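Since we're looking at a predicted model, the values are computed, not measured.
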2 protein chains.
Amino acid sequence: MPVAPSAVPAKSPPRDSARIYSIAELAREFAITARTIRFYEDEGLIKPRRQGLTRLYSAHDRVRLSWILRGKRLGFSLAEIKELLDLYQVDRTGLQQLRELLRRSRLHITDLERKRRDLDAHITEFREVEAQVAAELKQRGVDPEND
Amino acid sequence: MPVAPSAVPAKSPPRDSARIYSIAELAREFAITARTIRFYEDEGLIKPRRQGLTRLYSAHDRVRLSWILRGKRLGFSLAEIKELLDLYQVDRTGLQQLRELLRRSRLHITDLERKRRDLDAHITEFREVEAQVAAELKQRGVDPEND
DNA sequence: ATTGACGTTTACGTAAACGTCAACTATGAC
DNA sequence: GTCATAGTTGACGTTTACGTAAACGTCAAT
């Protein structure tokens with residue numbers, strides 16, 4: 001169901017923060033399927049507004065979605081991503097909750113830093129492979145740049 | 001089947017590069033199960049020597065295994081990891097193969113660099129969460145350091 | 001009024017990455 | 001010999017992260 005463009009004359013240009021996205025729109029933008037987005041909702045990762053049955057995604061939802069996908073690219077499971085997202089959302093009034101939040105943030109940061117070391121090592125190794133192969137090609141009189 | 005510790009007297013201390021590992025040993029070291037290691041073998045990621053049926057892992061196999069696990073932590077699939085490992089192994093005599101190797105290396109590096117940007121963004125965000133929470137705790141007169 | 005584009009739910013299917021037996025084998029210790 | 005320990009090969013089960021299809025609703029345009 002296409003979202004009805006309300007017929008108010010000279011509607012102010014949709015400010016980015018107020019824009020509303022359809023599920024297909026987001027699916028296109030992020031190169032995933034609508035099914036995937038609905039699945040994330042089932043798993044409690046996003047909670048779009050509804051107009052009847054149809055889902056309406058806010059700019060905030062969009063950011064969340066892109067955040068989720070970034071997490072995926074880094075190898076986090078959806079469960080982990082949910083936990084990470086919750087870190088931003090949790091109630092920060094209670095003292096005990098604040099300490100718990102701090103603890104979990106630090107745990108995650110430790111994990112992230114490990115990933116970073118892993119990644120740096122990986123990159124270094126592959127840069128070396130590239131350099132060696134490029135050198136070998138040069139020695140054989142081939143320009144490694146024109147593929 | 002325990003690997004027979006050959007009864008040669010004063011066996012030279014197992015030089016690291018010559019050491020042989022049992023499957024259980026590697027499983028313990030990397031905190032995975034033997035089943036997992038065998039599975040990786042089924043998938044063509046490692047190929048240990050055999051003594052009869054029993055698998056014998058060399059130092060080289062061990063390195064490969066740790067490499068695989070690092071890849072996993074970074075969110076690569078086993079199929080991707082296999083491809084990455086193959087980059088080190090492929091025949092580098094043919095010119096066409098060299099160019100292909102270069103091409104694929106560069107593709108992977110591009111992928112890795114994207115991951116790095118993702119990761120850096122992630123880390124930055126969580127450091128900010130930590131800082132904010134720590135500041136809030138301080139303001140309430142709590143030392144964020146003693147948990 | 002029908003076609004098409006887009007939306008919905010429900011439900012079963014599937015690929016990846018192992019876990020978990022079960023049933024068997026080989027070796028060293030007693 | 002037999003027991004404990006460590007290894008082996010199937011084979012089926014499980015979790016995660018969606019894919020795929022069915023069956024239907026709704027609006028705009030033809």
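- With rounding to whole Å, A/Glu25 atom CD is found 12 Å from C/dC6 atom C1'.
- At least one side-chain nitrogen or oxygen of B/Arg38 sits closer than 4.0 Å to the OP1 or OP2 atom of D/dT8.
- Look at CD on B/Gln51: it is 13 Å from P on C/dA26, rounded to the nearest Å.
- Nucleotide C/dA17 holds its P atom 17 Å from the CD atom of B/Glu41, rounded to whole Å.
- The phosphate of C/dT9 has OP1 or OP2 within less than 4.0 Å of a side-chain N or O from A/Arg50.
- Counting only heavy atoms from C-beta outward, the side chains of B/Leu107 and A/Phe126 never approach each other to under 4.5 Å.
- Within the 4.5 Å cutoff, side-chain heavy atoms of A/Arg50 are placed close to those of A/Arg55.
- When rounded to the nearest whole Å, the span between CG of B/Leu53 and P of D/dG10 equals 10 Å.
- Across A/Ile46, A/Ile23, A/Thr33, a single residue satisfies side chain to side chain contact (heavy atoms under 4.5 Å, CB included) together with A/Arg38, and that is A/Ile23.
- Rounded to whole Å, the distance from CD1 on A/Ile23 to C1' on C/dT9 is 12 Å.
- Checked for salt-bridge contact, B/Glu100 and B/Arg92 miss the test: no charged N lies under 4.0 Å from a carboxylate O.
- From one end of the helix from C/dA1-D/dT30 to C/dC30-D/dG1 to the other, with five pairs defining each end axis, the axis direction shifts by 10° (rounded to 10°).
- Look at A/Lys138 and A/Glu145 and you find no salt bridge, because none of the NZ, NE, NH1 or NH2 atoms lies under 4.0 Å from a carboxylate O.
- Following rounding to the nearest Å, B/Leu45 (CG) and C/dA17 (P) show an atom-to-atom distance of 9 Å.
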Just by protein heavy atoms under 4.0 Å, how would nucleotides 16-22 of chain D read 5' to 3' in B, S and -?
-BBBB--
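- Whole-Å rounding puts the B/Tyr57 OH to D/dA6 P distance at 16 Å.
- A salt bridge does not link A/Glu80 to A/Lys72: none of the charged side-chain nitrogens sits closer than 4.0 Å to a carboxylate oxygen.
- The pair B/Arg106-A/Glu130 meets the salt-bridge criterion, since a charged nitrogen lies less than 4.0 angstrom from a carboxylate oxygen.
- For the atom pair B/Tyr57 OH and B/Arg19 CZ, the distance stands at 14.5 Å (nearest 0.5 Å).
- Atom pair B/Asp42:CG and D/dT8:C1' shows a separation of 12 Å (rounding to whole Å applied).
- Between B/Trp67 and B/His60, a ring centre-to-centre spacing not shorter than 6.0 Å is recorded.
- A close approach under 4.0 Å does not occur between any side-chain nitrogen or oxygen of A/Thr54 and OP1 or OP2 of D/dT26.
- One finds a side-chain N or O of A/Arg55 lying less than 4.0 angstrom from the OP1 or OP2 phosphate oxygen of C/dT8.
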